[in-house]
Amino acid sequence: MYALIDATSFYASAEKVFDLSIRKRPVVVLSNNDGCIVAASPEVKKLGVPKFEPYFKLKPILDKHNVVIRSSNYELYADLSDKMMAVINRFSDQHYVYSIDESFLKFDGYSDVVSSWYEYGHLIRRTVWRKTKLPVGVGFGPTPTLAKAANHAAKKFVGATGVAVIDSEKSRKQILANMAVSDIWGVGRRLTKQLKLFGIESALDLAKQNPKMMRKQFSVVLERTISELNGISCLSWDDVKQRKKEVFSTRSFGERVENPFALKASLVTHCSIVAKKLRKQGSLTKRLIIFAHSSPHEDNYYKRSFIQKLAVPSNDSMVFAKQVELVFSQLFQPGVRYYKAGIGAIELEDDMHQQIDMFNVSDDKPELMQCLDTINKRYGSSSLRVATELQSNQWQMKRDWLSRRYTTRWPEIPLIKCQ
DNA sequence: TCTGGGGTCCTAGGACCC
DNA sequence: TCTGGGGTCCTAGGACCC
C-alpha cells in the first residue's frame, strides 16, 4: 500500500502558520520576482483565480476581493517543509519526499498494525496539524498513481474529509469514475485533448483502455499510467525515488541586468546551487550548460548558451565557476538587457563508480566541498560562498511582499504581545 | 511605468558517419 | 524497373509538474 500526502495550497498555508491575522483571509503567494501566482488559499480558488497567471493581469480581481498578497518566502517554506516531513516520517519506515509539499509513504507488512487506512490517514492529518499547523490531504492506493488519485479525491470530492482510500475494486472504480482524465498524474493539457477525441473523459475511461494499444497510439508513459490505474505497479519504489538525470538552477532578475559583474555573480551562484544539488544526490556531471538571455516578451530577443564538456566529471562549485569564467567574455554582450540566466548539469554519473584518472587532471577538491557543505548546513546556506558571487547583488529578485522568516532568523522570530 | 516562475524529462529532427 | 539504412550525437522545443 502507498500513501501520498500533500499540503493544501502549501505556500499560502505556510504564510498563515505564524500570522494569525490572515488565517481566515484569502491569500495568494507570488512566484520569484512577484511574477505569477503560484499558490492560492481555498478562499481565493473559489473566486476562480487561475494559477500561474501573471500577477499584474489579475491584480484588479485580487484587489476587489481584498486578497492578501505575499512574495515567495522560500526560506520559510523550506523550513516548514522539513518540519512537516519529519512528522510524516514517523508513520512509515519507507518515506520519499517528492517535492517541497508532497511525499510518498510505502507500507509493507502493515496490515497487522493498521486496521483501517482511513483512520490511519486521519491520524496523520491530525498529527501534522497539531505539530505544524499545516493542513494536509492523504490518499491511499495500491500503486503510486492510485495513491495520487485518492489524494485528489480526498481534497476535491464533494463531502471530502481530507482522507480517501482505494483498497477495493469498488472504491477504485468509484473514485476514478468521478475524476477527469486531466486530473491524473502524468496527463496534461495536450494529452487530455487527444484523449477526448477517443471519447476518453474520465479517469475510469482511461483505465479501461488496452495498455498495449495506447502505447502504440501514444507512449510508454501512458501505457504505464493505465496499468497503474488498474492496480498493477509499474513505478517501483526505486523508480519513484530515482536520482535526477539533470539538474538546473535558473532565475530571472528583479530588474534587467546590463552589468557584467552582476551577470557573472548570478551565474556563479547558480554554479554553487547546482553543484550542491549534485553532491546531495551523489552525482557528478560530464557537461554543463551555461546560458543567459534577454526577455522573450521584448524585441531583440538575445540568447546565448554554451555546453561545456568537463575533462573529468565533477560536482565541485569552484570547477563549475571556472567554466563560467572561461566562456563569460563570449557570453556577455554589452547593451543587452538580460532578463534571466542559469546553469544546468546534464549527463550525470554516480560518484561511487568513477574511473580513476591516470593523469590526475581533476581540479575537484571533495574535502573542501564537504567542509563547505557542513559549515553552510550548520550556520546557514550563505555562510561560505565563492567570492565571485559577492561581486554584485544587482541581480537579486524582487520581493515586495515578503513575510518574516520566522523560524530561521533570530531578528525575525515571532513576537507574542502580552497585555 | 512596467510588469510574464522554476525544474525535469522526453522527443523530433537534423547533422554526421559508416 | 526502380529503388536507398541505421546508428549516434546534438539541440530546440515542448509536455508535464508544482
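Note on naming: letters A, B, ... go to the chains in the order of the sequence lines (proteins, then strands), and numbering restarts at 1 for each one.
- Nucleic acid contact for A/Asp34: none, since no nucleic acid atom lies under 4.0 Å from a heavy atom of the residue.
- Separating the NZ atom of A/Lys398 from the P atom of B/dT1 is a distance of 15 Å, rounded to the nearest angstrom.
- Remark: A/Lys303 is positioned above the aromatic ring of A/Phe291, its terminal NZ or CZ atom under 6.0 angstrom from the ring centre and at most 45 degrees off the axis.
- Nucleic acid contact class of A/Lys51 (heavy atoms, under 4.0 Å, all strands): none.
- Straight-line distance between the C1' atoms of C/dG4 and B/dC18: roughly 15 Å, to the nearest whole Å.
- Looking at heavy-atom distances under 4.0 Å, A/Ile346 makes no contact with the nucleic acid at all.
- When distances run from any side-chain atom of A/Phe56 to the nucleotides C/dT11, B/dC9, B/dG4, the shortest one goes to B/dG4.
- Within 4.0 Å of A/Ile100, counting heavy atoms only, lies no atom of the nucleic acid at all.
- In this structure, A/Phe52 forms an aromatic stack with the base of B/dG5, since both conditions hold: centre separation below 5.5 Å and plane angle below 30°.
- A/Gly186 comes within 4.0 angstrom of the backbone, heavy atoms only, and of no base.
- Taking the six-membered ring for Trp, A/Phe261 and A/Trp395 have ring centres at least 6.0 Å apart.
- When the shell of 6.0 Å around CD of A/Glu255 is examined, it contains 12 or fewer heavy atoms from other residues, nucleotides or ligands.
- If you take CE of A/Met397 and C1' of B/dG4, they are 16 Å apart, rounded to a whole angstrom.
- Set against C/dC18, B/dT8, B/dG6, the side chain of A/Lys148 has C/dC18 as its closest nucleotide.
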